[in-house]
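These notes are about the structure you will find just below.
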Amino acid sequence: MSIYQHFRQEEHDFIDQVLEWKVSVIEQYASKLTDFLDPREQEIVKSVVGNNDDVKLAFHGGANGAERKRALLYPPYLEPSADDFGLKAYDLSYPEKFVKIEHRQVLGSLMGIGLKRSKFGDIYFHDSRIQIVLSAEVSAFVEMQLQEVGKVKVSLNELPLEHLESTETSWEEASTTAASLRLDVMIASIYNLSRQKAQLLIGAKKVKINWKLVEQTAFECQEGDILSVRGFGRSKLLIVDGKTKKDKWRIIVGKQK
(Lines give C-alpha, C1' and ligand atoms only; values in the text may rest on other atoms or scores of the structure.)
Protein backbone atom coordinates (compact mmCIF):
# COMPACT_ATOMS: atom_id res chain seq x y z
CA MET A 1 0.00 0.00 0.00
CA SER A 2 1.47 3.35 -1.08
CA ILE A 3 1.61 6.14 1.49
CA TYR A 4 0.74 8.61 -1.27
CA GLN A 5 -2.81 7.33 -1.65
CA HIS A 6 -3.79 8.91 1.66
CA PHE A 7 -2.84 12.41 0.53
CA ARG A 8 -3.66 14.90 -2.20
CA GLN A 9 -1.45 15.09 -5.29
CA GLU A 10 -0.15 18.53 -4.34
CA GLU A 11 1.16 17.13 -1.04
CA HIS A 12 3.35 14.45 -2.65
CA ASP A 13 6.45 16.67 -2.96
CA PHE A 14 6.34 17.43 0.75
CA ILE A 15 5.95 13.72 1.51
CA ASP A 16 9.09 13.04 -0.54
CA GLN A 17 10.92 15.66 1.52
CA VAL A 18 9.83 14.06 4.79
CA LEU A 19 10.97 10.66 3.52
CA GLU A 20 14.39 12.18 2.78
CA TRP A 21 14.57 13.58 6.32
CA LYS A 22 13.68 10.18 7.73
CA VAL A 23 16.34 8.37 5.68
CA SER A 24 18.93 11.01 6.62
CA VAL A 25 18.36 10.47 10.35
CA ILE A 26 18.61 6.67 9.94
CA GLU A 27 21.73 6.74 7.76
CA GLN A 28 23.61 9.56 9.48
CA TYR A 29 22.36 8.81 12.98
CA ALA A 30 21.93 12.56 13.50
CA SER A 31 18.95 14.81 14.14
CA LYS A 32 17.05 16.80 11.52
CA LEU A 33 15.39 20.07 12.55
CA THR A 34 12.78 21.44 10.16
CA ASP A 35 11.54 24.96 9.60
CA PHE A 36 8.15 25.93 11.06
CA LEU A 37 5.38 23.68 9.78
CA ASP A 38 1.68 24.43 9.66
CA PRO A 39 -0.66 21.91 11.35
CA ARG A 40 -1.38 20.07 8.09
CA GLU A 41 2.32 19.61 7.43
CA GLN A 42 2.77 18.39 11.01
CA GLU A 43 0.11 15.73 10.43
CA ILE A 44 1.88 14.59 7.26
CA VAL A 45 5.20 14.31 9.11
CA LYS A 46 3.53 12.22 11.83
CA SER A 47 1.99 9.92 9.21
CA VAL A 48 5.21 9.46 7.23
CA VAL A 49 7.50 8.91 10.23
CA GLY A 50 4.92 6.80 12.07
CA ASN A 51 5.76 4.63 15.06
CA ASN A 52 9.36 4.02 14.20
CA ASP A 53 12.11 2.45 16.31
CA ASP A 54 14.84 4.15 14.27
CA VAL A 55 13.45 7.69 14.08
CA LYS A 56 11.72 9.57 16.88
CA LEU A 57 9.67 12.74 16.42
CA ALA A 58 8.93 15.83 18.50
CA PHE A 59 7.40 19.24 17.85
CA HIS A 60 7.82 22.62 19.51
CA GLY A 61 6.41 26.02 18.60
CA GLY A 62 7.52 28.02 21.61
CA ALA A 63 4.30 27.96 23.64
CA ASN A 64 1.62 25.49 24.66
CA GLY A 65 -1.08 25.55 22.03
CA ALA A 66 1.23 26.89 19.32
CA GLU A 67 -0.17 26.37 15.83
CA ARG A 68 3.03 26.53 13.78
CA LYS A 69 5.83 24.30 15.11
CA ARG A 70 9.26 23.04 14.19
CA ALA A 71 9.70 19.28 13.96
CA LEU A 72 12.73 17.43 15.26
CA LEU A 73 13.43 14.00 13.80
CA TYR A 74 16.07 12.32 15.94
CA PRO A 75 17.70 8.94 16.66
CA PRO A 76 16.36 7.03 19.67
CA TYR A 77 19.46 7.54 21.82
CA LEU A 78 18.78 11.29 22.10
CA GLU A 79 16.60 13.07 24.65
CA PRO A 80 15.78 16.42 23.04
CA SER A 81 15.37 19.62 25.04
CA ALA A 82 13.70 22.92 24.16
CA ASP A 83 17.11 24.29 23.11
CA ASP A 84 17.30 21.73 20.30
CA PHE A 85 14.41 23.43 18.47
CA GLY A 86 16.24 26.70 17.84
CA LEU A 87 13.44 29.05 18.90
CA LYS A 88 13.54 32.67 20.02
CA ALA A 89 10.64 34.75 21.32
CA TYR A 90 10.21 38.53 21.24
CA ASP A 91 7.95 41.29 22.40
CA LEU A 92 7.30 43.76 19.62
CA SER A 93 7.22 47.25 21.14
CA TYR A 94 5.55 50.24 19.48
CA PRO A 95 3.70 53.44 20.57
CA GLU A 96 0.41 51.63 21.26
CA LYS A 97 -1.25 54.75 22.69
CA PHE A 98 -1.27 56.37 19.27
CA VAL A 99 -1.59 53.58 16.71
CA LYS A 100 -2.99 50.08 16.31
CA ILE A 101 -1.10 47.27 14.58
CA GLU A 102 -2.89 44.28 13.05
CA HIS A 103 -1.77 40.69 12.49
CA ARG A 104 -1.61 41.05 8.68
CA GLN A 105 0.70 44.08 9.05
CA VAL A 106 3.19 42.18 11.22
CA LEU A 107 3.05 39.22 8.85
CA GLY A 108 3.55 41.46 5.83
CA SER A 109 6.45 43.34 7.40
CA LEU A 110 8.30 40.14 8.33
CA MET A 111 7.93 38.81 4.80
CA GLY A 112 8.75 42.27 3.43
CA ILE A 113 12.28 42.09 4.83
CA GLY A 114 12.79 38.88 2.84
CA LEU A 115 11.85 36.35 5.50
CA LYS A 116 10.17 33.12 4.36
CA ARG A 117 6.97 32.19 6.21
CA SER A 118 8.62 28.96 7.33
CA LYS A 119 11.22 30.90 9.33
CA PHE A 120 8.84 32.33 11.93
CA GLY A 121 6.06 30.84 13.99
CA ASP A 122 2.93 32.19 15.60
CA ILE A 123 2.20 35.87 16.14
CA TYR A 124 0.29 36.53 19.36
CA PHE A 125 -1.87 39.56 20.14
CA HIS A 126 -2.96 40.42 23.69
CA ASP A 127 -4.62 43.85 23.81
CA SER A 128 -1.73 46.14 22.83
CA ARG A 129 0.95 43.47 23.36
CA ILE A 130 2.42 41.62 20.37
CA GLN A 131 4.70 38.58 20.62
CA ILE A 132 6.43 36.70 17.81
CA VAL A 133 8.42 33.45 17.60
CA LEU A 134 11.41 33.17 15.27
CA SER A 135 13.89 30.55 14.15
CA ALA A 136 17.11 31.25 16.06
CA GLU A 137 19.11 31.23 12.82
CA VAL A 138 17.29 34.31 11.47
CA SER A 139 16.76 36.16 14.75
CA ALA A 140 19.80 38.45 14.45
CA PHE A 141 18.78 39.38 10.90
CA VAL A 142 15.22 40.20 12.01
CA GLU A 143 16.44 42.22 15.00
CA MET A 144 18.49 44.36 12.60
CA GLN A 145 16.00 44.65 9.72
CA LEU A 146 12.56 44.85 11.33
CA GLN A 147 12.35 48.52 12.26
CA GLU A 148 8.84 49.34 11.03
CA VAL A 149 5.45 47.66 10.79
CA GLY A 150 3.46 49.59 8.25
CA LYS A 151 4.76 53.10 8.93
CA VAL A 152 5.05 52.56 12.67
CA LYS A 153 8.46 52.38 14.31
CA VAL A 154 8.94 49.14 16.27
CA SER A 155 11.61 47.44 18.35
CA LEU A 156 12.14 43.83 19.37
CA ASN A 157 12.84 42.76 22.93
CA GLU A 158 13.81 39.13 23.47
CA LEU A 159 11.93 37.23 26.15
CA PRO A 160 12.06 33.66 27.52
CA LEU A 161 9.82 31.14 25.74
CA GLU A 162 7.93 30.52 28.96
CA HIS A 163 6.74 34.15 28.89
CA LEU A 164 4.85 33.62 25.64
CA GLU A 165 1.09 33.97 26.04
CA SER A 166 -0.55 31.70 23.49
CA THR A 167 -4.19 31.88 22.48
CA GLU A 168 -6.16 28.64 22.59
CA THR A 169 -8.19 27.70 19.51
CA SER A 170 -11.77 26.60 20.13
CA TRP A 171 -14.40 25.50 17.63
CA GLU A 172 -18.15 25.96 17.69
CA GLU A 173 -19.82 23.03 15.94
CA ALA A 174 -22.70 23.38 13.52
CA SER A 175 -24.37 21.07 11.00
CA THR A 176 -25.38 21.94 7.46
CA THR A 177 -25.84 20.38 4.04
CA ALA A 178 -24.09 21.01 0.74
CA ALA A 179 -24.88 19.97 -2.81
CA SER A 180 -21.26 18.88 -3.33
CA LEU A 181 -17.84 19.06 -1.69
CA ARG A 182 -16.57 21.63 -4.21
CA LEU A 183 -14.82 24.54 -2.54
CA ASP A 184 -17.24 27.21 -3.79
CA VAL A 185 -20.24 25.16 -2.66
CA MET A 186 -18.70 24.47 0.76
CA ILE A 187 -17.88 28.15 1.39
CA ALA A 188 -21.41 29.16 0.39
CA SER A 189 -22.91 26.55 2.75
CA ILE A 190 -20.62 27.14 5.73
CA TYR A 191 -20.64 30.94 5.64
CA ASN A 192 -24.23 31.36 4.36
CA LEU A 193 -23.15 33.12 1.18
CA SER A 194 -24.25 32.89 -2.43
CA ARG A 195 -22.19 30.59 -4.61
CA GLN A 196 -21.32 33.58 -6.79
CA LYS A 197 -19.95 35.45 -3.76
CA ALA A 198 -17.93 32.36 -2.80
CA GLN A 199 -16.45 32.18 -6.30
CA LEU A 200 -15.51 35.87 -6.14
CA LEU A 201 -13.69 35.31 -2.84
CA ILE A 202 -11.75 32.39 -4.30
CA GLY A 203 -10.88 34.41 -7.40
CA ALA A 204 -9.70 37.30 -5.23
CA LYS A 205 -7.17 34.98 -3.51
CA LYS A 206 -8.93 35.23 -0.16
CA VAL A 207 -9.38 31.50 0.45
CA LYS A 208 -6.93 28.99 1.89
CA ILE A 209 -7.29 25.27 2.48
CA ASN A 210 -4.95 23.84 5.09
CA TRP A 211 -2.95 27.08 5.12
CA LYS A 212 -2.35 26.99 1.34
CA LEU A 213 -3.91 29.44 -1.14
CA VAL A 214 -6.44 27.72 -3.42
CA GLU A 215 -7.77 29.42 -6.54
CA GLN A 216 -9.78 26.55 -8.09
CA THR A 217 -13.51 26.81 -7.40
CA ALA A 218 -13.89 23.09 -8.16
CA PHE A 219 -11.26 22.07 -5.58
CA GLU A 220 -12.63 19.03 -3.74
CA CYS A 221 -12.77 19.43 0.04
CA GLN A 222 -12.17 16.51 2.39
CA GLU A 223 -12.97 15.65 5.98
CA GLY A 224 -10.45 17.33 8.28
CA ASP A 225 -9.74 20.28 5.99
CA ILE A 226 -9.25 23.72 7.51
CA LEU A 227 -10.89 26.48 5.44
CA SER A 228 -9.81 30.08 5.92
CA VAL A 229 -11.75 32.87 4.21
CA ARG A 230 -10.37 36.36 4.68
CA GLY A 231 -13.01 38.54 6.31
CA PHE A 232 -15.15 35.56 7.36
CA GLY A 233 -12.88 33.57 9.65
CA ARG A 234 -11.68 29.99 9.82
CA SER A 235 -13.67 26.77 9.84
CA LYS A 236 -12.93 23.06 9.94
CA LEU A 237 -14.73 20.30 8.05
CA LEU A 238 -15.15 17.91 10.97
CA ILE A 239 -17.39 15.18 9.56
CA VAL A 240 -18.81 14.29 6.16
CA ASP A 241 -21.77 12.15 7.19
CA GLY A 242 -23.16 10.68 4.00
CA LYS A 243 -26.02 12.01 1.91
CA THR A 244 -29.60 13.08 2.56
CA LYS A 245 -32.64 11.79 0.66
CA LYS A 246 -32.27 14.86 -1.57
CA ASP A 247 -28.71 13.76 -2.45
CA LYS A 248 -26.97 16.50 -0.45
CA TRP A 249 -23.95 15.93 1.74
CA ARG A 250 -24.57 16.11 5.49
CA ILE A 251 -21.61 17.87 7.06
CA ILE A 252 -20.58 18.96 10.54
CA VAL A 253 -18.27 21.97 10.67
CA GLY A 254 -16.45 23.78 13.42
CA LYS A 255 -16.21 27.55 13.29
CA GLN A 256 -13.31 29.13 15.11
CA LYS A 257 -14.48 31.33 17.96
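Below, all heavy atoms of this structure are taken into account, side chains as well, without hydrogens, waters or symmetry copies.
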Original post:
Listed by chain and number, what are the side chain to side chain donor-acceptor pair (under 3.5 Å) partners of Asp247, not counting sequence neighbours?
Top reply: Lys243

**OP:** Give a yes or no on whether Ile190 and Ile187 share a hydrophobic cluster (residues Ile, Leu, Val, Met, Phe, Trp, Tyr; joining criterion: side-chain heavy atoms under 4.5 Å apart).
**Re:** yes

Original post:
Hey, is the main chain of Lys255 close enough, under 3.5 Å, to the side chain of Glu173 for a donor-acceptor pair?
Top reply: no

**OP:** Please identify each residue that fulfils salt bridge (Lys or Arg N to Asp or Glu O under 4.0 Å) with Asp225, with sequence neighbours left out.
**Re:** Arg8

**OP:** Let me see the working for Arg117 and Glu41 under salt bridge (charged side-chain N to carboxylate O under 4.0 Å, His left out), right down to the final yes or no.
**Re:** CA-CA 13 Å; Arg117 185 62 186 94; Glu41 290 169 331; over 6 Å; no

Original post:
What are the two closest heavy atoms between Leu164 and Leu159, and how far apart are they?
Top reply: N-CD1, 4.3 Å

Original post:
What about Leu156 and Val138, same hydrophobic cluster or not, with Ile/Leu/Val/Met/Phe/Trp/Tyr joined at side-chain heavy-atom distances under 4.5 Å?
Top reply: yes

**OP:** State plainly whether one hydrophobic cluster holds both Trp211 and Val214, where clusters connect Ile, Leu, Val, Met, Phe, Trp and Tyr through side-chain heavy atoms under 4.5 angstrom apart.
**Re:** no

Subject >> Donor-acceptor side-chain pairing of Tyr94 and Ser155 below 3.5 angstrom >> reply: no

Subject >> Partner residues of Arg40 under the side chain to side chain donor-acceptor pair (under 3.5 Å) criterion, sequence neighbours left out >> reply: Glu11

Subject >> Lys/Arg-Asp/Glu bridge criterion (N-O < 4.0 Å) met for Lys119, Glu137 >> reply: yes

**OP:** For Asp91 and Gln131, indicate whether the former's side chain and the latter's backbone hold a donor-acceptor pair under 3.5 Å.
**Re:** no

Subject >> Leu73 vs Thr34, side-chain contact (heavy atoms from CB on, under 4.5 Å): CA-CA, chis, key distance, verdict >> reply: CA-CA 8 Å; Leu73 290 74; Thr34 74; 4.3 Å; yes

Original post:
Hey, what do you get for CD1 (Ile226) to CD (Gln256), rounding to the nearest 0.5 Å?
Top reply: 8.0 Å

Subject >> From Asn210 atom CG to Lys236 atom NZ, the distance as rounded to the nearest 0.5 Å >> reply: 9.5 Å

Original post:
Closest approach of Ile251 and Ala178, non-hydrogen atoms and distance?
Top reply: CD1-CB, 4.4 Å

Original post:
Which pair of non-hydrogen atoms, one from Ser189 and one from Thr176, has the smallest distance, and what is that distance?
Top reply: O-OG1, 4.0 Å

Subject >> Glu79, CD: over 12 other non-hydrogen atoms inside 6.0 angstrom >> reply: no

Original post:
Roughly how far, to the nearest 0.5 Å, is CG of Leu181 from CD of Glu220?
Top reply: 5.0 Å

**OP:** Search all heavy atoms of Leu213 against all heavy atoms of Val207 and return the closest pair with its distance.
**Re:** CD1-O, 3.4 Å

**OP:** Kindly indicate, with the supporting measurements, whether the criterion side-chain contact (heavy atoms from CB on, under 4.5 Å) is fulfilled by Arg70 and Leu37.
**Re:** CA-CA 6 Å; Arg70 302 186 83 172; Leu37 307 175; over 6 Å; no

Original post:
For Phe59, is the NZ or CZ atom of Lys46 found under 6.0 angstrom from the centre of its six-membered ring and inside 45 degrees of the ring axis?
Top reply: yes

Original post:
Less than 4.0 Å between a side-chain N and a carboxylate O, is that true for Glu10 and Lys212?
Top reply: no

Original post:
Taking the side chain as C-beta and beyond, is there a heavy-atom pair between Lys69 and Phe36 under 4.5 Å?
Top reply: no

**OP:** Could you tell me which non-hydrogen atom of Val133 sits nearest to which non-hydrogen atom of Gly61, and how far apart they are?
**Re:** CG1-O, 3.7 Å

Subject >> Donor-acceptor contact below 3.5 Å, side chain Lys22 vs main chain Val48 >> reply: yes

Subject >> Tyr29 side chain reached by Ser24 side chain, heavy atoms, under 4.5 Å >> reply: no

**OP:** Flag the pair Arg182 / Thr217 as yes when at least one side-chain heavy-atom distance between them is below 4.5 Å, and no otherwise.
**Re:** yes

Original post:
Cys221 and Ile209: which non-hydrogen atoms are nearest, and at how many Å?
Top reply: SG-CD1, 4.4 Å

Original post:
Do Tyr90 and Glu143 come close enough that some side-chain heavy atom pair is under 4.5 Å?
Top reply: yes

Subject >> Sequence-distant partners of Gln216, side chain to side chain donor-acceptor pair (under 3.5 Å), two or more places apart >> reply: none

Original post:
Taking a hydrophobic cluster as the set of Ile, Leu, Val, Met, Phe, Trp and Tyr residues connected by side-chain heavy atoms closer than 4.5 Å, whether directly or through intermediates, do Phe232 and Leu200 fall within one such cluster?
Top reply: no

Original post:
Can Leu201 be reached from Leu227 by stepping across I, L, V, M, F, W or Y side chains whose heavy atoms are under 4.5 Å apart?
Top reply: yes

Original post:
Between Asp241 and Ile252, is any pair of side-chain heavy atoms under 4.5 Å apart?
Top reply: no

**OP:** Would you kindly say whether Tyr4 and Asp16 are connected by a side-chain donor-acceptor distance under 3.5 Å?
**Re:** yes

Original post:
Heavy-atom distance under 4.5 Å between the side chains of Phe141 and Ile113, does that happen here?
Top reply: yes

**OP:** Starting from the C-alpha separation in whole Å, work towards a yes-or-no answer on ring-ring contact (aromatic ring centres under 6.0 Å, His included) for Phe14 and Phe7.
**Re:** CA-CA 10 Å; Phe14 182 67; Phe7 301 95; 9.4 Å; no

Original post:
Roughly how far, to the nearest 0.5 Å, is CG of Leu134 from OG of Ser139?
Top reply: 6.5 Å

**OP:** Tell me, please, which residues at least two apart from Glu223 pass salt bridge (Lys or Arg N to Asp or Glu O under 4.0 Å).
**Re:** none

Original post:
Side-chain contact, heavy-atom cut-off 4.5 Å: Val152 with Pro95?
Top reply: yes

Subject >> Check ion pair Lys153-Glu148 (N to O, under 4.0 angstrom) >> reply: yes

**OP:** Given side-chain contact (heavy atoms from CB on, under 4.5 Å), test Val240 with Gln222 step by step and report yes or no.
**Re:** CA-CA 8 Å; Val240 178; Gln222 297 177 1; over 6 Å; no

Subject >> Ionic contact status for Arg68 with Asp122, cut-off 4.0 Å >> reply: no

Original post:
Is there a side-chain contact between Val25 and Ser31 (heavy atoms, below 4.5 Å)?
Top reply: no

Subject >> Glu102 side, atom CD; Ile130 side, atom CD1 - distance, nearest 0.5 Å >> reply: 10.0 Å

**OP:** Name all residues meeting the side-chain contact (heavy atoms from CB on, under 4.5 Å) criterion together with Val23; count only those two or more places apart in sequence or in a different chain, and write none if there are none.
**Re:** Glu27

Subject >> Stepwise side-chain contact (heavy atoms from CB on, under 4.5 Å) test for Val154 and Ser93 >> reply: CA-CA 6 Å; Val154 300; Ser93 299; over 6 Å; no

Subject >> CG on Leu57 to CG on Asn52, rounded to 0.5 Å >> reply: 10.0 Å

